[in-house]
Undergrad: 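Can you read through this structure? Questions will come right after.
Letters A, B, ... mirror the listed sequences (proteins, then strands); counts begin at 1.
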Amino acid sequence: MKLKALLKAGVLGVSTLAMASVAAAQDKTIRIVGFGAASGVVGIFGQNSSAAMSAAFEKINAEGGVELADGSKAMIETEYYDDRCNAEEGISVLRRIASTDALVAIGPTCSNVAEPLFGILQAKVDDEGDTGLQFPVFTDVAIKGGLAGISEWVFRNTPSESQMYDDLFAWLRTNHPDLKTIYGGVEEDFAHSRFTWYSVMKTAAEKHGFEVVGEAQWLLSDTNFSNQARGMRRAEPDVVAISAHPFTTCGMLREMTRQRIQPKILVGLTSSSSLETLSGCANEAEGLTIPTSFAPVNEEAKAAAEAVVAKGGQMDLHSASAWENAMILKDIIEAAEIGGTPETLEEDRRKIRDALAELENAPGLLGSNKRLPDGEAVKPYVFVHAKDGSWDVLHNPGS
Amino acid sequence: MDFYFGLAQIFGVHTLLGLSAYVVLLTGQVSMAQAGFYAIGAYTAGAMTAMFGLHILPAIVIAGLVSAAIACIVGFPALRVKGLMLVVATLAFGEMVRLFFFNLSWQVERGGELFGPDGAEGFRSIRYFPENGWEVWHVTVFIWIVVAVVMAALWWMDRTRAGAVLRAVGHDEVAAQSIGLNLTAVKVGAMTAGGFIAGLGGGIYAHTVTHIEHGVFGVLLATFAIAYPILGGLGSVFGTLLAVLFIQGFLIEGLRFMGDWRSLLFGALIVLAMNLRPNGLLGEHAPRLKSILRLGKPAPDSLETKDAN
Amino acid sequence: MLTLQSLSKHFGGVRAVDDISLTIKEGEIFGLIGPNGSGKSTTINLITGLYAPTTGTVTLDGYDLTAMAQHERTAMGVARTFQNIRLFGNLTVAQNLWVAQNGHEQRRAHFLPRWFKAGGEHGPDIEELLKFSRLHSKRDVQASALSFGEMRRLEMARALASNPRVLLLDEPAAGASQEDGQLLAERIRDVRDRGVTVLLIEHMMELVMGISDSIGVLNFGRKIAEGSPAEIQANQDVRAAYLGSKHKDEDLIHA
Amino acid sequence: MDYFFIIDFVQSLVDGLLFGTTYALIGIGFTLIFGVMRKLNLAYGAAALAGTYIGVAAFLAFDAPPPVVFLLSALGSGIIGIVVYYCCFRFTPTQVPMASLLASVGMLLFIDEAVVHASHGMPVPYPSVFRNAIIEIGDIWVRGDLLFVFGICVVAMGVLFWLLYRTPLGLATRAVSQQPRAAALCGIDPTRVNLLTFGISGVLGGIAGAMTAAAVGVLSPIIALGLTVKGLIAVVIGGLGSIPGAIIGGLLVGASENIFLLLRGVTERDIYVMLMLFLFLTLRPGGLFGSTAGRD
């Protein structure tokens with residue numbers, strides 16, 4: 001009996017959701033849906049994104065909403081789906097979003113969801129032979145380099161790390177001409193960490209005359225770093241770059257303190273410029289220098305950060321992208337002159353995609369975002385460092 | 001509509017994963033290696049289509065055979081132990097497979113692009129379905145034909161002496177030996193069959209998600225594999241199917257509207273289900289075709305099993 | 001026919017079976033008795049291969065079984081029942097017999113087809129065995145739902161289903177009443193009349209003395225006597241061994 | 001063989017052995033539960049983690065001193081262990097081992113998610129003692145905090161041995177684990193013994209979790225899985241049901257893990273640990289200290 005009731009509830013749950021979204025489209029509203037990891041170990045990312053998105057849409061709606069092709073105004077409706085950072089769930093969620101009247105989706109959180117997700121989309125627009133899903137996705141968080149190239153339906157507003165780190169090392173070279181050697185630390189089983197160290201940081205460091213004297217590798221759930229730190233101690237590097245999650249970043253930093261390794265400069269992964277690292281090990285992280293595409297350096301950014309906090313989230317480089325995506329989409333929708341009716345749904349999605357593809361510059365919180373033809377973005381950034389338990393802007397190349 | 005078809009694909013793939021553990025569980029062995037076989041199938045089938053341009057059907061059959069062969073080889077040492085030792089041994093094997101693919105880089109060039117597993121980066125662009133004009137529902141129908149064939153084969157096997165033998169070994173190994181059953185042969189046979197089914201499932205999985213990486217095939221997936229048949233009950237293949245629908249359909253998809261409370265409820269409901277129905281949702285006894293057909297007469301009462309030890 | 005040659009089994013320092021030699025002739029009922037812990041069950045386990053002997057050999061018709069696995073011994077024609085009944089409770093009565101149809105005669109002929117043949121639980125052999133064991137009406141009942149006596153009968157039938165040449169019965173009368181004992185004696189004779197040699201381990205003296213053609217007596221893992229029932233009853237060593245533990249044994253029989 | 005290699009080798013061995021005590025504790029917990037119930041409690045690592053979080057909550061809320069935090073971690077984990085017993089083992093029938101196995105999996109997922117829910121998955125600092133104390137023996141550095149971890153684990157094991165071999169409670173526990181039926185006939189209430197076993201092993205898990213977190217200095221939900229897997233391997237290598245076996249197994253896993261890391265790098269490290277386990281199972285199915293009939 002109980003089982004039957006449970007199953008019934010499940011079926012009801014699935015169908016009411018689908019129906020609710022249809023019913024809501026009756027008066028002038030359009031839907032933009034967010035998705036990503038809102039539970040599990042990385043759930044905090046999705047929760048922040050979700051808060052940023054709804055704060056941004058609330059702001060847009062308060063200012064009158066979005067203008068449609070016929071000149072009328074529409075409110076933006078949004079909701080956020082949890083994919084638990086699981087590839088199958090992510091695909092399922094996107095299919096579900098595409099089956100409703102949503103115009104475009106913002107997400108996902110995890111690069112390992114993004115990769116399969118982009119794979120089920122049509123690779124090239126108008127490719128008759130490709131039956132991939134035709135739905136625009138505008139990614140805020142999944143940051144691993146080069147993913148947008150998988151499909152022409154994908155656009156990303158994640159910062160391009162290669163430019164940021166290139167600039168960071170150039171800046172280090174200028175400001176600290178005495179620094180010669182660099183030692184890398186990388187979380188081997190985490191795609192983003194690997195990519196950033198091997199393809200971004202290392203290249204950039206070598207380009208600006210640093211000598212890579214060694215690499216330390218560890219895994220996501222490692223708890224013992226003494227072997228890795230010992231190699232680092234012997235190499236006596238001037239710069240140590242750590243490309244890892246906050247948990248192991250903290251573990252490694254602690255081990256470095258213990259083994260009295262004192263590099264002159266510590267460089268971190270851009271994702272580490274969030275609250276987590278500081279909540280885990282503020283003391284050891286002191287001085288950790290990171291390029292990031294968000295810091296509350298101007299009025300607009302401060303206001304946005306406050307709005308997100310009011311929604312129960314935190315503003316960091318990831319959720320800032322979610323905020324910006326919402327704002328960019330508003331402009332895109334107005335410029336694309338969409339119908340906003342159920343009949344024009346397919347057409348509207350295509351218009352949004354085309355408009356995103358043609359976009360070359362978009363306003364961001366820190367200044368103008370440059371859009372690349374392959375769907376990636378180059379965003380303004382600042383260099384921050386950890387100081388007294390918070391992220392302090394060290395240098396703002398844009399100003 | 002594509003959403004529901006997509007969901008049906010997930011159900012199908014997970015049913016195969018669950019059935020692969022079901023066959024092994026019939027002999028009383030809890031194998032945590034199913035995620036490993038699934039991974040072998042996924043990488044093999046992916047390589048067959050993406051790297052060597054094979055058709056999907058031979059690709060998944062080869063994937064199944066490769067997994068079966070490895071399951072057979074692993075079965076001999078692993079099945080020397082049982083109970084908790086076997087759980088840990090198979091878990092270790094599954095992790096070894098995962099780490100093997102974590103370290104495996106082998107790419108070939110096709111049409112100017114590199115295809116193949118690339119270590120921690122995973123195996124990208126296994127896009128046989130979209131590139132060959134398969135609509136979502138085509139894929140769904142294809143998967144369910146495979147699932148139906150496997151389920152029918154297992155259902156039929158359960159009617160044959162082989163099925164009774166598996167269950168006999170699962171119930172009491174000492175007695176099974178005393179009547180002349182070769183335990184090693186039976187267990188390794190079940191493991192091989194399980195490996196084949198897991199290989200098929202993994203092969204299909206790789207194509208439905210287009211990108212696979214070692215992290216997917218971890219302990220959690222192995223746990224899911226055994227969870228399906230245990231939750232559903234070992235009575236018949238339909239227990240596994242029901243459990244897949246319950247977990248993937250209700251707990252994961254149906255409760256999505258609950259936000260992050262869903263994940264909390266997920267574990268709690270499994271605990272509850274096992275307390276209320278310890279023998280699984282559909283129970284542990286094989287429903288006899290006869291008693292199903294003979295609806296008028298009450299089926300023989302299945303009393304609580306006596307502890308045979 | 002079945003020969004044990006200086007068979008020993010040591011568990012650590014304990015000599016559960018110590019240098020036992022026995023010969024069981026074709027077609028006889030051989031009773032193996034002894035006080036508790038005298039090594040009777042261990043002997044059965046050594047014959048069926050559940051334990052590997054420390055020293056000594058087991059031969060059947062001149063074939064050495066000692067190195068064989070349990071299932072190979074069954075194929076050679078050794079079958080057994082258990083002191084504490086071990087049925088496949090998750091299978092029906094007929095299926096219990098079906099899975100045991102492993103006998104040496106059909107063994108090699110058609111391996112795969114036999115494994116994957118459906119409905120074999122209705123074969124003529126099984127029907128006959130069901131009748132023989134008076135379980136015909138229960139053929140589709142789950143074995144776990146049988147009564148105690150029915151379980152005993154099914155277990156013996158299952159052993160017979162593997163088409164054995166020698167059947168080892170491990171205390172078949174345990175837990176049975178006096179009247180059941182009578183029926184059991186008839187049943188064992190019936191089994192012998194089917195051409196199966198029987199090795200009977202039993203506490204119930206009446207039963208063993210009544211039906212055995214020859215008897216072996218164990219005490220502390222050693223064979224202390226062997227001979228016809230009359231000889232055994234007259235044997236001083238046997239009396240001594242049994243007097244020492246008489247009360248205990250009787251307690252067990254009536255428990 | 002150059003000097004640095006020898007130093008590294010010895011250093012890895014020392015670090016690994018010291019850290020291995022946490023695996024040993026988890027292993028003992030598994031073995032205790034298996035001993036009295038013949039069942040596998042997969043929620044064990046998660047319970048240990050949750051207990052550790054209870055300790056850290058006190059640290060964050062009241063700035064509690066490290067000993068209090070460690071104590072709370074241990075006690076918290078013990079209580080969660082008892083909850084796990086009631087949810088997964090008390091009411092599932094004994095003859096259906098898979099029911100409790102899957103229930104404990106459900107519990108594992110639930111506890112993990114509850115921890116994530118409460119902590120937002122954020123890593124939190126965990127107090128450690130002797131954090132920067134290092135004993136230098138030539139070029140070998142022995143970490144003060146690891147020595148502390150080692151010491152606490154050894155004390156925990158000592159207390160456990162005292163409990164098991166010097167108290168009536170221990171006698172009852174050992175009786176149940178060796179002869180459950182006879183123990184029940186002697187008037188020992190198996191439920192009470194089970195309950196206590198889950199409590200005690202929970203406390204051990206909590207200590208292991210606390211010590212792991214103290215050694216890293218940070219606590220994150222992702223350490224639960226590693227502890228579970230390594231603890232299980234320690235048990236199997238040592239031999240199921242054997243406490244000395246679990247200790248040796250834990251030390252062996254800790255040391256070999258570190259040495260494989262040194263020799264083969266981090267991506268292959270665990271392959272060799274698993275391979276070692278596989279070899280053990282093939283060559284000695286009963287484990288190091290398992291009985292010859294311990295294939296069960």
Side-chain angles (χ1 to χ4, degrees), chain A residues 2-3 6-7 9-14 16-18 20 38-40 43 46-47 50 79-84 86-100 112 114-123 127-133 144 150 188-191 193-195 220, chain B residues 1-7 9-10 13-14 99 102 119-122 124-127 129-136 138-139 205 208-216 220 242 245-246 248-264 266 269 272-273 276-277 281-282:
Chain A
K2 268 184 188 125
L3 174 69
L6 285 179
L7 281 177
V11 172
L12 269 177
V14 176
T16 41
L17 250 183
S39 62
Q47 290 159 19
S50 168
E79 62 189 305
Y80 197 87
Y81 289 106
D82 177 19
D83 68 16
R84 278 205 272 219
N86 171 300
E88 276 182 317
E89 280 195 51
I91 291 175
S92 182
V93 160
L94 187 68
R95 286 224 169 93
R96 171 182 243 172
I97 295 170
S99 74
T100 66
N112 62 308
E115 207 153 338
L117 193 71
F118 299 170
I120 67 151
L121 295 170
Q122 192 181 46
D127 181 351
E128 290 290 322
D130 188 338
T131 50
L133 184 61
K144 184 183 155 192
I150 296 176
E188 275 290 311
D189 57 347
F190 182 48
S193 299
R194 276 176 51 88
F195 181 84
L220 202 60
Chain B
M1 209 56 218
D2 277 0
F3 161 57
Y4 293 99
F5 281 124
L7 210 53
Q9 293 180 6
I10 295 178
V13 168
H14 281 260
L99 292 164
F102 180 30
E121 300 285 312
R124 195 185 274 190
S125 290
I126 309 174
R127 298 189 78 243
F129 291 138
E131 278 170 3
N132 287 280
W134 292 48
E135 303 278 352
V136 177
H138 292 151
V139 179
Y205 168 80
T208 58
V209 295
T210 74
H211 170 264
I212 49 177
E213 59 176 9
H214 72 99
V216 177
L220 194 66
L242 181 70
L245 295 180
F246 176 69
Q248 291 292 333
F250 174 64
L251 291 184
I252 291 183
E253 203 56 50
L255 296 181
R256 198 180 289 288
F257 66 94
M258 301 191 71
D260 73 331
W261 293 99
R262 175 181 61 139
S263 302
L264 277 169
F266 184 94
L269 282 177
L272 191 70
L276 296 178
R277 291 197 65 89
L281 300 175
L282 286 188

Undergrad: Between A:Q47, A:K144, A:E128, who has the most heavy-atom pairs with chain B when the cutoff is under 4.5 Å?
TA: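 Looking at each of A:Q47, A:K144, A:E128 in turn, A:K144 comes out on top.
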Undergrad: At a heavy-atom separation under 4.5 Å, does A:S99 approach chain B through its side chain, its backbone, both, or neither?
TA: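 A:S99 touches chain B through side-chain heavy atoms alone.
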Undergrad: Walk me through it: do B:F102 and A:E188 pass the test side chain to side chain contact (heavy atoms under 4.5 Å, CB included)?
TA: CA-CA 9 Å; B:F102 180 30; A:E188 275 290 311; 4.1 Å; yes
Undergrad: Could you tell me which of B:Q248, B:H138, B:E135 has the largest number of non-hydrogen atom pairs under 4.5 Å with chain A?
TA: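 Option with the greatest count: B:E135.
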Undergrad: Check step by step if side chain to side chain contact (heavy atoms under 4.5 Å, CB included) holds for B:R256 and A:V93.
TA: CA-CA 9 Å; B:R256 198 180 289 288; A:V93 160; 3.3 Å; yes
Undergrad: Can you say whether A:A123 sits under 4.5 Å from chain B via the side chain, the backbone, both, or neither, judging by heavy atoms?
TA: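 For A:A123, the contact with chain B is made by backbone and side chain together.
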Undergrad: Return the option, out of A:G40, A:A38, A:G129, with the maximum number of heavy-atom pairs under 4.5 Å with chain B.
TA: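 Option with the greatest count: A:G129.
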Undergrad: Side chain, backbone, both or neither: which part of A:I150 has a heavy atom under 4.5 Å from chain B?
TA: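 Contact with chain B is through the side chain of A:I150 alone.
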Undergrad: Which heavy atom of A:G119 sits nearest a heavy atom of B:R127, and at what distance?
TA: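 Residues A:G119 and B:R127, closest heavy atoms: O-NE, 2.6 Å.
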Undergrad: Report the distance from atom CG of A:L121 to atom OG1 of B:T210, rounding to the nearest 0.5 Å.
TA: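 It is 9.0 Å, given to the nearest 0.5 Å.
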Undergrad: B:A273: what forms a side chain to side chain contact (heavy atoms under 4.5 Å, CB included) with it, not counting sequence neighbours?
TA: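 Expected list: B:L231.
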Undergrad: Which bit of B:V209 is near chain A, if near means a heavy-atom gap under 4.5 Å: side chain, backbone, both or neither?
TA: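 Contact with chain A: backbone and side chain both.
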Undergrad: Could you walk me through whether B:Y205 and A:E88 pass the side chain to side chain contact (heavy atoms under 4.5 Å, CB included) test, one step at a time?
TA: CA-CA 9 Å; B:Y205 168 80; A:E88 276 182 317; 3.5 Å; yes
Undergrad: Just by distance, with hydrogens left out, do A:R84 and B:S263 show a side-chain donor and acceptor under 3.5 Å apart?
TA: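 The answer is yes; a qualifying pair exists.
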Undergrad: Just to verify, what does B:L264 make a side chain to side chain contact (heavy atoms under 4.5 Å, CB included) with, not counting sequence neighbours?
TA: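 With neighbours one apart ignored, the set is B:W261, D:F110, D:E113, D:A114, D:H117.
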Undergrad: Quick one: what part of B:Q9 sits under 4.5 Å from any heavy atom of chain A, side chain, backbone, both or neither?
TA: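 B:Q9 touches chain A through side-chain heavy atoms alone.
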Undergrad: Within this structure, what is the CG-CD1 distance for the pair A:D83 and B:I252, rounded to the nearest 0.5 Å?
TA: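 The CG atom of A:D83 sits 11.5 Å away from the CD1 atom of B:I252.
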Undergrad: If I measure from the heavy atoms of chain A, does B:F129 come under 4.5 Å with its side chain, its backbone, both, or neither?
TA: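 The answer is the backbone of B:F129.
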Undergrad: What part of A:I91 gets closer than 4.5 Å to chain B, counting heavy atoms only: side chain, backbone, both or neither?
TA: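 Interface part for A:I91: side chain.
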Undergrad: Measuring heavy-atom distances to chain A, does B:H214 have an atom under 4.5 Å in its side chain, in its backbone, in both, or in neither?
TA: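 Contact with chain A: side chain only.
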Undergrad: Do you know which of A:A98, A:S39, A:G43 has the most heavy-atom pairs with chain B at a distance under 4.5 angstrom?
TA: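 The residue among A:A98, A:S39, A:G43 with the greatest pair count is A:S39.
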Undergrad: Contact part of B:E213 toward chain A, heavy-atom cut-off under 4.5 Å: side chain, backbone, both or neither?
TA: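 For B:E213, side-chain heavy atoms alone lie under 4.5 Å from chain A.
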Undergrad: Using every non-hydrogen atom in the two residues, find where B:E121 and A:A191 come nearest and quote the distance to one decimal.
TA: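 Heavy atoms of B:E121 and A:A191 come nearest at OE2-O, 4.3 Å.
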Undergrad: Salt bridge or not between B:R262 and A:E89? Use side-chain N to carboxylate O under 4.0 Å.
TA: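 A salt bridge is present here (some side-chain N lies under 4.0 Å from a carboxylate O).
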Undergrad: From B:H211 NE2 over to A:N112 CG, what is the distance, rounded to the nearest 0.5 angstrom?
TA: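 If I round to the nearest 0.5 Å, the distance is 8.0 Å.
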Undergrad: Does the pair B:L7 and A:S92 meet the rule for a side chain to side chain contact (heavy atoms under 4.5 Å, CB included), with working shown?
TA: CA-CA 6 Å; B:L7 210 53; A:S92 182; 3.5 Å; yes
Undergrad: Taking every non-hydrogen pair under 4.5 Å, which of A:L94, A:L220, A:D82 racks up the most with chain B?
TA: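 Max contact count across the listed options: A:D82.
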